[in-house]
Amino acid sequence: RINLKSKNFIVSENESKLKKTQLFFYSSVNFPLAVVGLPLVLFIPPLYGELGLSLASMGFILMLARLSDVFTDPLIGLLSDKTKISLGRRKPWILVGSPLLAISTYFLFIPPDQPDLIYFLLSIMGIYLAFTIIQIPFASWGAELSGDYNERSKITALREQFGYIGTIVAVSLPILLSYFDIVEMRSILTFEAIVVISSIPIVIFGAFWFVPDDPPQSLRKTAITLKEYFRSLKFVLKNGPYIRILIGFTGSVLGISMDGALSFFFVKHVVNAESYYSVAILLSIATSVIFIPIWKRIAAKVGKHKALVYSILWFSGWAFCMPLLYFIPEQALYFFLALQVLKGMASGALVFLATSMAADVIDIDTIRSGQERSGLYFSAWGIIQKGAAAIALFIALTVIDVFGFDPTADPSQRGTINGNSNMAILGLAIMYSVVPSLFKISTLPFIWKYPLTEERQVKIRGYIDRKVKRMADKS
């Protein structure tokens, strides 16, 4: 057990700060990942449905592909933690994953006229494997770039901003192409693939050239064994602050995933404005990017955990208003767009603050185990995130089905025998906004009691820096 209040901790006064160019090029790697991510949810199922694949079969394959991450995430995390070559620990894995991502994106986004299930399975598995090979080392790399409490917020915040920019590009591209009468899904995805494939070498070159990958040397070097892996997981489970923030993040993922799974149905059947769907997403994302710097300042002033609590309360408060749109169908669109902006003010903070806090608590493990194992922690983080998203999707779709919701019904026939019942529409509205917010709010007691403040984190980093220096002097 670590006494964070002990005066024996030495504060590091000479922690080098990242240059703006280094911060920029590191964070830019998240751009192509985000551009790929949005079409996977919004565009790929409709496209392959039009090409003859059943939605049920695609759903099963997507679930199967996600289950593979349970095995690949911890494996890549552990291997990247133990990589020791001149290029660095994290860069080699990103270098391997990047061409795989480009190739898989090409095959998935630009399929033949009659793809079969094997083609879809291999393409989607390739993209998910590339995500794992890149994202786990990429997140760990960010945690190791700085031990400074506030600078870690800057790293995760700018990384998420690049992610939001990528998502904005992905969702804006169909709107832009529509002005040139390019509306077919295959054509849209071709342009999406061009953006991804062309941006990958640019951001990878910038990150490799400008950003260091030289974390403190592990204080103990051991071989990779199955026994060590399970022993390492025990350390993760014993890290109390990490478990607290993981619970908080899980609640947010459950809520965000349910929101995302039902958002199109909500816009089409409750707001009755399907053509404004991309506009609504764009508004929310753009607002998130704009307000991330504000949440950074709030976190620096009151602490990351309190800022995260405030962001959840702000987001959930406006989300609770969404079902009211059911009662005002004629004005629903305008109020919906306004609520999207208000929710978007806090949605970015839900992700970057939690990720930044996770990077902080990994320092506790470094002291206890004597090793830098951020890859293991972020692989566990990724498993929980993907598992929570899968559970959320199952809950959301199952419950609205119980309410009797029919996604193929004509929205103009709502409340009639030929359309969805009022109960089905109200159930959809509640599952889209109220239930996700309850998931988020349920985690607030865990987040509020999060013990790692800026002062304590600085002491921990000072202790680590001093210990590393002693080991270096001895060697």
Side-chain angles (χ1 to χ4, degrees), residues 30 33-34 36-42 62 66 69 131 135 139 156-157 159-161 163-164 166-168 170-171 245-267 277 280-289 291-292 295 307-322 336 339-358 381-397 399-400 428-444 446-447:
N30 209 25
L33 300 178
V36 172
L38 186 116
L40 282 177
V41 177
L42 298 184
L62 288 169
R66 273 302 182 197
D69 291 333
F131 272 174
Q135 285 179 323
T156 55
R159 184 173 65 204
E160 293 306 317
Q161 282 179 303
Y164 278 119
T167 304
I168 289 173
V171 77
I245 195 57
L246 189 62
I247 291 173
F249 183 66
T250 301
S252 291
V253 171
L254 285 168
I256 292 170
S257 300
M258 291 183 70
D259 181 308
L262 302 180
S263 61
F264 178 78
F265 297 144
F266 184 85
V267 174
Y277 180 57
I281 294 176
L282 187 59
L283 266 178
S284 178
I285 295 172
T287 307
S288 299
V289 173
F291 275 81
I292 281 178
W295 286 105
L308 181 57
V309 168
Y310 298 155
S311 67
I312 290 174
L313 290 174
W314 178 274
F315 184 96
S316 300
W318 295 113
F320 279 131
C321 299
M322 284 290 185
F336 173 70
L339 288 173
Q340 282 291 98
V341 171
L342 291 168
K343 287 169 57 182
M345 290 179 181
S347 60
L350 301 180
V351 178
F352 96 82
L353 285 173
T355 307
S356 178
M357 291 163 68
W381 188 267
I383 290 173
I384 294 298
Q385 180 180 5
K386 294 166 185 176
I391 292 172
L393 182 63
F394 173 78
I395 293 174
L397 297 180
V399 172
I400 64 171
L428 169 62
I430 292 172
M431 291 303 298
Y432 166 70
S433 57
V434 175
V435 174
S437 296
L438 292 177
F439 274 121
K440 296 184 184 77
I441 291 174
S442 67
T443 66
L444 292 183
F446 296 95
I447 302 172

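Note that this is a predicted model, so its numbers are computed, not measured. Just so you know, these numbers use all the heavy atoms, side chains as well, and skip hydrogens, waters and symmetry mates.
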*Asks:* Does S356 reach the main-chain N or O of F352 with its side chain, forming a donor-acceptor pair under 3.5 Å?
*Replies:* no
*Asks:* Please round to the nearest 0.5 Å and tell me the distance separating atom CG of L438 and atom CG of L254.
*Replies:* 12.0 Å
*Asks:* Between W318 (side chain) and Q340 (backbone), is there a donor-acceptor pair under 3.5 Å?
*Replies:* no
*Asks:* Is it the case that the side chain of S252 and the backbone of K440 share a donor-acceptor pair, with hydrogens and angles ignored and the cut-off at 3.5 Å?
*Replies:* no
*Asks:* Going by side-chain contact (heavy atoms from CB on, under 4.5 Å), S316 matches just one of S311, S433, S437. Which one?
*Replies:* S437
*Asks:* Counting only heavy atoms not in F446, do more than 12 fall under 6.0 Å of its CZ?
*Replies:* no
*Asks:* With rounding to the nearest 0.5 Å, note down the distance linking CG in N30 to OG1 in T167.
*Replies:* 8.5 Å
*Asks:* Would you say S284's side chain and I281's backbone share a donor-acceptor pair under 3.5 angstrom?
*Replies:* no
*Asks:* If you measure from CD1 on I247 to CG on L444, what distance do you get to the nearest 0.5 Å?
*Replies:* 12.5 Å
*Asks:* To the closest 0.5 Å, what do you measure between CD1 (I441) and CD1 (I312)?
*Replies:* 8.5 Å
*Asks:* Enter the distance from L353:CG to Y310:OH here, rounded to the nearest 0.5 Å.
*Replies:* 12.5 Å
*Asks:* Could you label the plane-to-plane angle of the F336 and Y432 rings as parallel, tilted or perpendicular, counting under 30° as parallel and over 60° as perpendicular?
*Replies:* tilted
*Asks:* In Å, rounded to the nearest 0.5 Å, how long is the span from CE of M322 to CG of L339?
*Replies:* 4.5 Å
*Asks:* With no hydrogens and no angle check, is any side-chain donor or acceptor of W295 less than 3.5 Å from a backbone partner on M345?
*Replies:* yes
*Asks:* When you look at Y277 and S263, which way does the side-chain contact (heavy atoms from CB on, under 4.5 Å) test go after all the steps?
*Replies:* CA-CA 8 Å; Y277 180 57; S263 61; 2.9 Å; yes
